[in-house]
Amino acid sequence: MKKYKWELKLGIILIGTSFILYYIDYKLFGTASRIYDNILNQIAFLPIYVLFVSMVLEQVLYKKEKQTVISKMNMLVGLFFSEIGIELMKIILCYDKNLSQSGSSLLCTDEIFNGKYKFYIKKIKDYQPDIQTDNEQLISLKLFMEGKSEFLLQLMQNPNLLEHESFTELMLSVFHLLEELNIRDDFKEIEDHKHLNIDIERAYLGLTREWLSYMKHLREEYPYHYSIKLRQNPFER
């Protein structure tokens, strides 16, 4: 009963206020039939009013819930890049022989977000890396990713991932790369290198796109955090 105490008080106040207003109306105009007509009209309109309020309330709640999910999702993306994403990008960048020609222009300064965002997105989509690895590099990559496997598994179990399709695809490509590395004891076969280089390229391009999207989000919503992350830009070599 204590839980609903304030609701009960509010109900009594509102009902009492309604009776007082009807009493004033009756005293001023002196016709009960007029009051009855008003009450009937209001009751007749009540279903429409309830429907209208329900629709508006549903939209408001849905929007708020979606914003909450997006906020949680972006926190997961940030956690991913802090824990593994940035370091993984730095490792893979060393394998890209075409990067010396493109420089850090793929993803670098604040000017990207000053009217050039779409241009850079297109540039990333059109970019063709040249991934080349040797045995030592693949062994080093395998050890690094094995150390992050538990974190990746925990992240994949988060249901909020389903709300972010492109990031889910990135996670799947990273997981696939980890699996391909784990099933091999060594990397002496040339065919292994060719296959793994394709998997690395897929993860690399996904990382680049999601990093840029995440940085755009930070710049718009959390500029103080954005300035810190910008200094950690993996393309700044």
Side-chain angles (χ1 to χ4, degrees), residues 57-93 104 106-125 127 141-182 199-237:
L57 187 61
E58 183 181 1
Q59 287 299 316
V60 170
L61 291 175
Y62 174 76
K63 188 175 180 181
K64 186 176 181 181
E65 183 181 357
K66 193 167 183 65
Q67 288 175 340
T68 301
V69 171
I70 291 173
S71 177
K72 289 180 179 179
M73 186 65 246
N74 283 315
M75 287 176 64
L76 288 176
V77 174
L79 184 62
F80 168 80
F81 278 109
S82 296
E83 184 68 24
I84 181 175
I86 294 176
E87 190 62 33
L88 183 57
M89 287 176 72
K90 288 180 178 179
I91 292 171
I92 298 176
L93 283 171
S104 60
L106 284 176
L107 219 179
C108 185
T109 64
D110 192 58
E111 70 172 4
I112 294 170
F113 306 102
N114 294 325
K116 296 184 178 181
Y117 183 73
K118 290 183 179 179
F119 169 77
Y120 275 88
I121 287 290
K122 185 177 185 305
K123 189 171 185 178
I124 290 170
K125 287 182 178 179
Y127 178 67
L141 178 62
K142 179 180 178 179
L143 290 172
F144 169 75
M145 295 194 68
E146 282 179 342
K148 303 296 182 181
S149 59
E150 186 176 345
F151 167 78
L152 290 172
L153 284 169
Q154 291 177 351
L155 198 62
M156 281 295 287
Q157 292 171 2
N158 195 301
N160 290 315
L161 275 178
L162 299 174
E163 300 294 327
H164 199 321
E165 185 177 345
S166 60
F167 184 69
T168 302
E169 289 178 2
L170 167 60
M171 290 293 296
L172 290 173
S173 67
V174 171
F175 253 108
H176 178 73
L177 175 58
L178 175 60
E179 288 176 344
E180 290 289 347
L181 290 167
N182 281 337
D199 293 332
I200 291 171
E201 178 182 320
R202 185 186 301 111
Y204 173 42
L205 293 175
L207 283 163
T208 304
R209 287 192 294 268
E210 288 305 311
W211 169 253
L212 183 56
S213 176
Y214 175 61
M215 290 295 287
K216 183 175 184 289
H217 162 73
L218 287 182
R219 189 175 187 269
E220 293 172 352
E221 302 294 335
Y222 306 99
Y224 60 92
H225 196 50
Y226 165 78
S227 62
I228 297 174
K229 290 298 180 182
L230 191 63
R231 290 195 290 271
Q232 299 175 351
N233 193 328
F235 283 84
E236 292 287 341
R237 307 174 70 188

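We number each residue from 1, following the sequence as shown.
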For this session: List the steps, then state whether side-chain contact (heavy atoms from CB on, under 4.5 Å) holds for L177 with R202.
Result: CA-CA 9 Å; L177 175 58; R202 185 186 301 111; over 6 Å; no
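- Closest approach of F81 to W211, counting heavy atoms only: CZ-N, 3.4 Å.
- Nearest heavy atoms, F144 versus E87: CE1-CG, 3.6 Å.
- Atom CD1 of I84 sits about 11.0 Å away from atom CG of L79, to the nearest 0.5 Å.
- Heavy atoms only, all atoms of each residue included: S173 and A203 are closest at OG-CA, 3.7 Å.
- For the residue pair T208 and M89, the shortest heavy atom distance occurs at CA-CE, 4.0 Å.
- Every residue was checked against the ring-ring contact (aromatic ring centres under 6.0 Å, His included) condition with F175, not counting sequence neighbours, and none meets it.
- The distance from the OH atom of Y226 to the CD atom of E221 is 14.0 Å, given to the nearest 0.5 Å.
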Exercise. F80 and Y214: side-chain contact (heavy atoms from CB on, under 4.5 Å), yes or no, with the steps?
Worked result: CA-CA 11 Å; F80 168 80; Y214 175 61; over 6 Å; no
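- For Y222, the ring-ring contact (aromatic ring centres under 6.0 Å, His included) test picks out H217, with sequence neighbours left out.
- Residue pairs meeting the side chain to side chain donor-acceptor pair (under 3.5 Å) criterion with at least one member in residues 144-159, sequence neighbours excluded, are E83-K148, N158-N160.
- Note that CE of M171 and CG of L153 are 8.5 Å apart. Values are rounded to the nearest 0.5 Å.
- Taken to the nearest 0.5 Å, the NE2 atom of H176 stands 9.5 Å off from the CG atom of L181.
- Without hydrogens or angle criteria, S82 side chain to G78 main chain gives a donor-acceptor distance under 3.5 Å.
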Exercise. Which is it for L88 and L141 under the side-chain contact (heavy atoms from CB on, under 4.5 Å) test, yes or no, and what are the steps along the way?
Worked result: CA-CA 8 Å; L88 183 57; L141 178 62; 3.7 Å; yes
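- Counting non-hydrogen atoms of neighbouring residues, nucleotides and ligands closer than 6.0 angstrom, the CE atom of M156 exceeds 12 such neighbours.
- Rounded to the nearest 0.5 Å, atoms CE (M215) and CD (E210) are 13.5 Å apart.
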